[in-house]
Amino acid sequence: MDRYSEVINKNVREIVLLKGYPCVWGKCSFCDYILDNSTSEDEINKLNFEVLENVTGKYKVLEVINSGSCFELPKATLNRIKEIIKEKKIEKLFLESHWCYKNKVQEMRDFFEIPIVFKIGVESFDYEFRNTFLNKNAKFKTYKDVKKYFDSPCMMIGIKGQTKEMIDKDMEIVLNNFDHATINVFINNTSTIKRDEELVKWFKTKYKFLDKNPKIEILYNNTDFGVGD
């Protein structure tokens, strides 16, 4: 599995995929990404320290992801990230968190002492689709609730059961209310959720202009950021 890469298309940065403790929720119907975790703190820290050695600071921006939320990284790993930030003179950090940690987001901002773009897996702003069909357990009502804590929604498109109208609404919300967002085009995995090929084809045609939008990053494949497998 590739755990270090450089994103050079938009929002140029280095990115590392670290290992964490099991996802606090771990019940999203579409996700098998959370299988990349461990309950052994020594194992987690050993791997993460090795991965972090790749960071050069060449772009002054670093993204740290893991198989859940940044709050599931051990303290020693977080301390090492902070050391790397100071050593390499990194000026901006990208992190990701589940909605359930919303009240701890500010603690993480205070800990790292540099600007953080905090991502959140929204998947869809359609409440029922997000929480009933996708079982996301992110029970906010509107995008305004999200903006109180987070900077960048991660959206999911191309799932059977999703509609064009849902996607249009989601894209409208993202484009008009956030300075950064990630669009994940669903790829079939070991979950029971299935990709809707016609919906993906429609999205790629209608929203092709997003490829040139500097604030929207689209993952047509899970590994488009260069990490994972």
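Please read all numbers here as calculations on a predicted model, not as lab measurements. Start at 1 with the first residue, then count along the sequence.
A pairwise comparison of heavy atoms in Phe111 and Leu78 identifies CE2-O, 3.7 Å as the closest pair. When all heavy atoms are compared, the tightest approach of Lys136 to Gly121 is CE-O, 2.9 Å. Between Asp151 and Phe118, the shortest heavy-atom contact is OD2-N, 2.7 Å. Pairing each heavy atom of Leu73 with each of Gly20, the nearest pair is CD2-CA, 4.2 Å. Across every non-hydrogen atom of Ile159 and Asp196, the tightest pair is C-CB, 3.9 Å.
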Criterion side chain to side chain donor-acceptor pair (under 3.5 Å) on Ser124 and Asp126, from CA distance to verdict: CA-CA 5 Å; Ser124 174; Asp126 183 288; 5.3 Å; no
Tyr220/Asp211 under side chain to side chain donor-acceptor pair (under 3.5 Å): CA gap, chis, key distance, verdict: CA-CA 11 Å; Tyr220 292 108; Asp211 289 339; 2.8 Å; yes
Test log, rule salt bridge (Lys or Arg N to Asp or Glu O under 4.0 Å), inputs Arg109 and Glu107: CA-CA 5 Å; Arg109 295 188 193 275; Glu107 293 178 25; over 6 Å; no
Lys102 and Val146: CA distance, side-chain angles, deciding distance, side-chain contact (heavy atoms from CB on, under 4.5 Å) verdict: CA-CA 9 Å; Lys102 61 186 180 298; Val146 175; over 6 Å; no
Working for salt bridge (Lys or Arg N to Asp or Glu O under 4.0 Å), residues Lys201 and Glu198: CA-CA 5 Å; Lys201 183 179 179 181; Glu198 288 301 313; 5.2 Å; no
Trace of the salt bridge (Lys or Arg N to Asp or Glu O under 4.0 Å) decision for Glu87 with Lys82: CA-CA 9 Å; Glu87 290 170 10; Lys82 188 171 183 177; over 6 Å; no
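The number of heavy-atom neighbours closer than 6.0 Å to CG of Asp179, taken from other residues, nucleotides and ligands shown, is 12 or below. Atom NZ of Lys92 sits in a sparse spot, with 12 or fewer heavy atoms from other residues, nucleotides or ligands closer than 6.0 Å. The number of heavy atoms from other shown groups lying within 6.0 Å of NZ (Lys169) does not exceed 12.
For the pair Lys10 (side chain) and Asn213 (backbone), a donor-acceptor distance under 3.5 Å is present. Panel note: side chain Thr182, backbone Cys154; no donor-acceptor pair is recorded below 3.5 Å. The main-chain N or O of Gly158 is found under 3.5 Å from a side-chain atom of Gln162 such that the two form a donor-acceptor pair.
Residues Ile218 and Ile167 share a hydrophobic cluster, clusters being chains of Ile/Leu/Val/Met/Phe/Trp/Tyr side chains in contact below 4.5 Å.
Between Phe125 and Met155, some side-chain heavy-atom pair lies under the 4.5 Å cut-off. Between Phe203 and Ile183, the closest side-chain pair of non-hydrogen atoms falls below 4.5 Å.
In this structure, a donor-acceptor pair under 3.5 Å is absent between the side chains of Glu53 and Tyr4. The closest side-chain donor-acceptor pair between Thr223 and Asn221, if any, does not fall under 3.5 angstrom. One side chain, Tyr59 or Glu6, offers a donor N or O that lies under 3.5 Å from an acceptor on the other. Side-chain contact of Asp110 with Gln106: a donor-acceptor pair under 3.5 Å is present, judged by distance alone. Residues Glu72 and Tyr101 bring a donor and an acceptor atom of their side chains to less than 3.5 Å of each other. Side chains of Ser67 and Asn37: a donor-acceptor N/O pair is absent below 3.5 angstrom, by distance only. Side-chain contact of Glu14 with Thr56: a donor-acceptor pair under 3.5 Å is present, judged by distance alone. A donor-acceptor contact under 3.5 angstrom links the side chains of Thr77 and Asn45, judged on distance only.
Atom CG of Asn137 and atom CZ of Arg130 lie 10.0 Å apart (nearest 0.5 Å). Interatomic distance, CZ of Phe186 versus CG of Leu219, reported as 13.5 Å (0.5 Å rounding). To the nearest 0.5 angstrom, Ser69 atom OG is 7.0 Å from His98 atom NE2. Atom CG in Asn48 sits 7.0 Å away from atom CD1 in Ile81 (nearest 0.5 Å). Separation of atoms CD1 (Ile216) and OH (Tyr207) is listed at 11.0 Å; rounding is to 0.5 Å. To the nearest 0.5 Å, atoms CE (Met171) and CG (Leu210) are separated by 7.0 Å.
Phe150 does not carry Lys119 over the face of its six-membered ring by the limits of under 6.0 Å from the centre and within 45° of the normal. In this structure, Lys147 is positioned above the aromatic face of Phe178, its NZ or CZ under 6.0 Å from the six-membered ring centre and within 45° of the axis. Both tests pass for Arg13 against the ring of Phe94: distance under 6.0 Å to the centre and angle within 45° of the axis.
Checked options Glu96, Lys215, His180; the residue passing with Ser152 is His180 (criterion: side-chain contact (heavy atoms from CB on, under 4.5 Å)).
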